[in-house]
Amino acid sequence: MAMIKFRTHSIIITWLISYISVLLVPIIISGIIYAATWHVVASEVNRANESLLNQMEQAIDSNLLDIERLSTEMTLSNRLAGFLDVEAPIQDPDYYTLTGIAKDLRIYKMANDYIEEIYVYYKNSDTVISSREHLDSQRLFEMMHTDGMDKNRWTAIFGKRYTNEYVPITYREDGQASKAVMYARSLTLDNSEQEGAVLLFIIKDSSLLANISSSNKASIVILDKENRLIASTGNAYGSADFTNEKLKGTSGMFYQGTGKQKIAVSYTVSGKTGWKYISLIPANLFDEKMKLVKNLIYISLILSLLLGGIVTYLFLKRNYNPMNTLIRSLVTRSGISFEAGSNEFGYLKTLLDDTFAEKEKNGERFERHRNSIRSHFLQGLLKGQLDGHMPMQESLEVHAITLASNRFAALLFSVDHYGKFEVSGLIDLPKAKLVHFLVMNVAEEVVEGSHQAYTTEIDNLQACIINFKQYRDDDELMAIAERVKVFMRDQFGVHLTVAVSNVHEQLEGIALAYQEAMTALEYRLVMGSGEIIRYGDLSEATRESRSYYYPLHIEQQLINLIKTGDYDKAKAMLDEIVEINISGAAISVPLAKCLLFDLISTILKTLSEIGSSDKRDLMDQINPVDQLFACETIKEMQVQISEVLKQVCDSIQDEKSSENSRLSQQVIAYVEQRYSSDDLNITALGEAFDLTPSYLSKQFKAQTGEALLEFINKTRIGGAKQLLRTTSLSVTEIARAVGYSDINTFNRIFKKYEGITPGKYKDIL
């Protein structure tokens with residue numbers, strides 16, 4: 001047998017990968033066995049250290065909990081809380097209090113063997129007191145320096161609204177530095193505006209590790225919840241790397257380092273404090289147990305690869321020979337060469353795809369040209385432009401058109417909204433053509449069965465020529481149009497306007513039906529988009545009307561309403577004029593446009609009579625004439641005219657409001673200048689502005705939303721508050737200065753607005 005030639009893309013590579021995948025199964029199983037064995041050994045190591053770590057965790061957590069309880073008890077101490085209000089500099093009587101606090105701290109210190117020292121830092125007076133000494137915050141920072149933390153970060157610990165945390169520090173005492181943990185807790189939270197105080201408990205690492213015995217040459221490391229070193233034994237911590245990614249869950253074990261430096265790390269996490277208790281053991285103490293397992297697995301892997309490789313080669317050669325024979329036969333018969341290294345299945349697929357593609361291409365080419373020629377012929381029928389060089393019957397046969405009768409009608413479809421195919425109100429050309437294609441296909445499907453339908457696109461409209469098999473009545477055409485319209489709306493959200501012609505006989509009647517449908521479609525301007533418009537429903541009077549209803553006295557009434565800025569009444573009259581002319585289809589399309597432009601002309605004439613330059617700028621900005629030209633229906637034009645009318649009326653009302661608002665501004669200025677006079681009241685204000693008091697009060701309330709008497713009192717009380725803050729005048733003198741001759745009236749009104757009497761207000765200041 002010939003040797004197998006391995007090519008890059010040949011199926012032999014795929015088969016080889018498959019066989020190798022099967023061969024990998026025993027290799028993977030061996031790896032799983034090795035991993036399981038390693039897990040068993042790791043579990044033994046983990047159990048060996050679990051009791052040690054649990055003992056350490058329970059002992060330390062218990063003592064820390066006692067310290068936290070002690071801190072809670074200290075927050076209830078009246079002596080400690082009593083010094084919170086003392087401010088710098090400290091007076092002589094305060095030192096007696098500090099002596100009592102230091103005595104209390106000595107008693108609290110004896111409550112727990114872990115506590116090395118207790119400090120109380122009072123922020124308000126920058127005072128720090130311990131059981132032995134009195135110092136300030138700077139001296140405290142020097143005694144309790146933390147690695148990598150500057151003075152600002154140190155101060156931030158005490159600047160929090162509420163402090164409750166453990167911080168590893170280097171504690172300096174009598175010139176000696178030692179590792180320690182500081183537990184900081186706020187003394188009180190009763191007053192949010194008070195600076196407060198912080199309790200500081202110092203715990204040396206030697207106290208944490210006391211009575212903790214390790215075995216198997218294990219080193220112990222304690223980290224806080226932010227992975228900062230709290231305490232450790234041995235020197236293994238310096239080379240270890242502990243991150244949150246490695247110390248996952250509440251307990252576990254992993255290996256770190258390489259060679260002789262490799263260590264087994266077992267850990268547990270306290271559920272109370274979040275501290276991590278870690279045991280470090282050299283991996284070589286238990287790695288010997290894995291040597292035998294490693295050797296057995298290596299031997300099994302070598303045997304699997306050797307025997308599996310031989311079997312794989314034999315099966316590859318046996319399975320590839322039939323495929324090779326088939327490829328050579330196809331190359332000889334098809335004349336298409338097979339490149340060395342190519343994929344055999346790809347070669348077979350290419351041959352089949354080329355064969356089927358050529359067949360489909362020929363069919364599509366024929367169908368595409370036939371549809372295009374047929375569409376051109378149908379457009380000629382609709383426009384009455386037929387080729388006289390070929391008999392009609394022969395033309396129909398060439399275009400595969402078989403007539404069922406000599407009765408015809410035409411439907412025209414205009415797309416008003418493209419529904420789901422629009423994106424942000426826009427549609428591209430391919431999607432628009434797809435919608436047009438769908439409309440024509442739906443029309444054919446609705447008509448087929450009962451009659452024959454031939455569709456084409458003409459002048460950006462979709463036309464459907466219906467050839468009746470058996471004509472019943474005109475309602476059948478309306479039913480067909482309704483079904484097409486509803487289907488496109490419900491399935492695709494596409495909105496259509498449909499024009500329906502009358503029924504005509506002979507092929508020449510198709511052009512007449514098309515003209516009737518076009519005439520009906522023009523009445524979309526009057527009837528609105530989304531309607532089904534039948535030519536037969538348009539009365540002769542509608543198609544030939546020469547006038548509309550809009551007499552001069554009605555126009556003058558509309559002008560008067562616009563001048564007053566009464567939008568509601570003006571709009572009601574405008575809607576009534578449109579309704580009178582449009583209802584009953586008593587107006588033609590051209591005259592309907594004239595009516596709407598007459599209405600917008602009335603608005604422009606009204607602005608011209610008012611003669612305001614601001615309003616002329618407004619009309620230039622909204623540009624009503626161009627906006628009317630952009631509308632497609634009477635309803636759209638009516639809405640556009642209403643919007644213009646609304647803007648004009650609002651502008652007129654704003655101008656009136658600005659004139660009236662000047663009265664309230666003058667009254668406010670008058671009161672602010674003369675509120676100190678006890679003669680100032682509503683009656684005096686009415687005389688000053690030559691208005692009745694009731695009318696003046698009503699206008700002031702309407703323009704400002706505030707009663708005039710309330711404004712006078714508030715102005716006087718505001719002046720009184722200013723005098724209370726800036727002068728030493730008595731309450732009686734201030735009452736007279738702001739216009740109150742009666743002190744009782746002044747007290748009552750001041751308390752009404754401020755909630756307290758003037759005397760109490762002055763005492764608080």
Side-chain angles (χ1 to χ4, degrees), residues 84-89 124 190-195 563-567 610 612-615 649-765:
L84 288 171
D85 296 327
V86 176
E87 298 182 355
N124 202 34
D190 293 339
N191 190 347
S192 59
E193 298 180 357
Q194 203 172 41
E195 285 293 335
K563 286 181 178 180
T564 61
D566 192 340
Y567 168 73
I610 295 175
S612 173
S613 60
D614 293 339
K615 294 182 177 62
C649 291
D650 288 346
S651 177
I652 294 173
Q653 290 290 352
D654 291 343
E655 184 173 337
K656 291 182 178 180
S657 298
S658 62
E659 292 176 356
N660 293 334
S661 64
R662 285 194 287 269
L663 174 62
S664 61
Q665 295 174 0
Q666 293 173 358
V667 172
I668 291 173
Y670 188 90
V671 171
E672 290 178 346
Q673 292 176 0
R674 296 172 174 81
Y675 71 86
S676 60
S677 173
D678 56 359
D679 295 331
L680 179 66
N681 51 42
I682 297 178
T683 302
L685 284 171
E687 294 174 355
F689 288 93
D690 198 18
L691 297 171
T692 63
S694 60
Y695 178 79
L696 180 62
S697 298
K698 182 178 180 181
Q699 290 297 317
F700 188 85
K701 179 69 178 292
Q703 296 171 22
T704 65
E706 185 177 21
L708 181 55
L709 182 59
E710 290 288 324
F711 175 72
I712 295 173
N713 286 330
K714 285 184 179 180
T715 304
R716 284 173 166 169
I717 296 304
K721 289 167 62 179
Q722 179 67 21
L723 294 174
L724 288 169
R725 285 194 298 266
T726 59
T727 68
S728 59
L729 296 175
S730 66
V731 173
T732 302
E733 292 172 335
I734 291 175
R736 293 194 187 97
V738 296
Y740 290 104
S741 57
D742 184 8
I743 185 62
N744 294 327
T745 302
F746 174 62
N747 288 335
R748 176 175 53 80
I749 295 177
F750 191 96
K751 187 174 183 180
K752 173 184 175 182
Y753 289 105
E754 299 299 323
I756 57 177
T757 62
K760 183 64 175 177
Y761 183 85
K762 186 174 184 180
D763 292 340
I764 293 175
L765 293 177

Worksheet entry | Neighbour count above 12 (heavy atom, 6.0 Å) for R736 CZ | no
Discussion item. Tell me whether the count of non-hydrogen atoms from other residues, nucleotides or ligands lying under 6.0 Å of CG in D763 goes above 12.
Written reply: yes
Worksheet item: Can you name the one residue among T715, L723, N713, I717 that meets side-chain contact (heavy atoms from CB on, under 4.5 Å) with V738?
Response: L723
Looking at every non-hydrogen atom in both residues, tell me the closest pair between [X] and [Y] and how far apart they are.
{"X": "L680", "Y": "R716", "answer": "O-NH2, 3.2 Å"}
{"X": "E754", "Y": "K721", "answer": "OE2-NZ, 3.2 Å"}
{"X": "S676", "Y": "A737", "answer": "CB-O, 3.1 Å"}
{"X": "L696", "Y": "G686", "answer": "CD2-N, 3.7 Å"}
{"X": "A735", "Y": "I743", "answer": "CB-CD1, 3.9 Å"}

Worksheet item: Parallel, tilted or perpendicular: which describes the rings of F689 and Y670, with under 30° parallel and over 60° perpendicular?
Response: perpendicular
Fill in: Parallel, tilted or perpendicular, as decided by the 30° and 60° cut-offs, for the rings of F746 and Y740
tilted
Worksheet item: Does any non-hydrogen side-chain atom of F750 lie less than 4.5 Å from one of I734?
Response: no
Worksheet item: Can you check side-chain contact (heavy atoms from CB on, under 4.5 Å) on N747 and K751, steps first, answer last?
Response: CA-CA 6 Å; N747 288 335; K751 187 174 183 180; over 6 Å; no
Fill in: Derivation of the side-chain contact (heavy atoms from CB on, under 4.5 Å) call for L709 and I682
CA-CA 7 Å; L709 182 59; I682 297 178; 4.1 Å; yes
Worksheet item: Given the rule in the side-chain contact (heavy atoms from CB on, under 4.5 Å) test, do Y761 and R725 qualify, once you have shown the distances and angles that lead to the verdict?
Response: CA-CA 9 Å; Y761 183 85; R725 285 194 298 266; 3.1 Å; yes
Practice prompt. For the pair E710 and K752, evaluate salt bridge (Lys or Arg N to Asp or Glu O under 4.0 Å) and give the outcome as yes or no after the intermediate values.
Written response: CA-CA 11 Å; E710 290 288 324; K752 173 184 175 182; 3.3 Å; yes
Discussion item. side-chain contact (heavy atoms from CB on, under 4.5 Å) for I712 and L685? Distances and angles first, verdict last.
Written reply: CA-CA 11 Å; I712 295 173; L685 284 171; 3.8 Å; yes
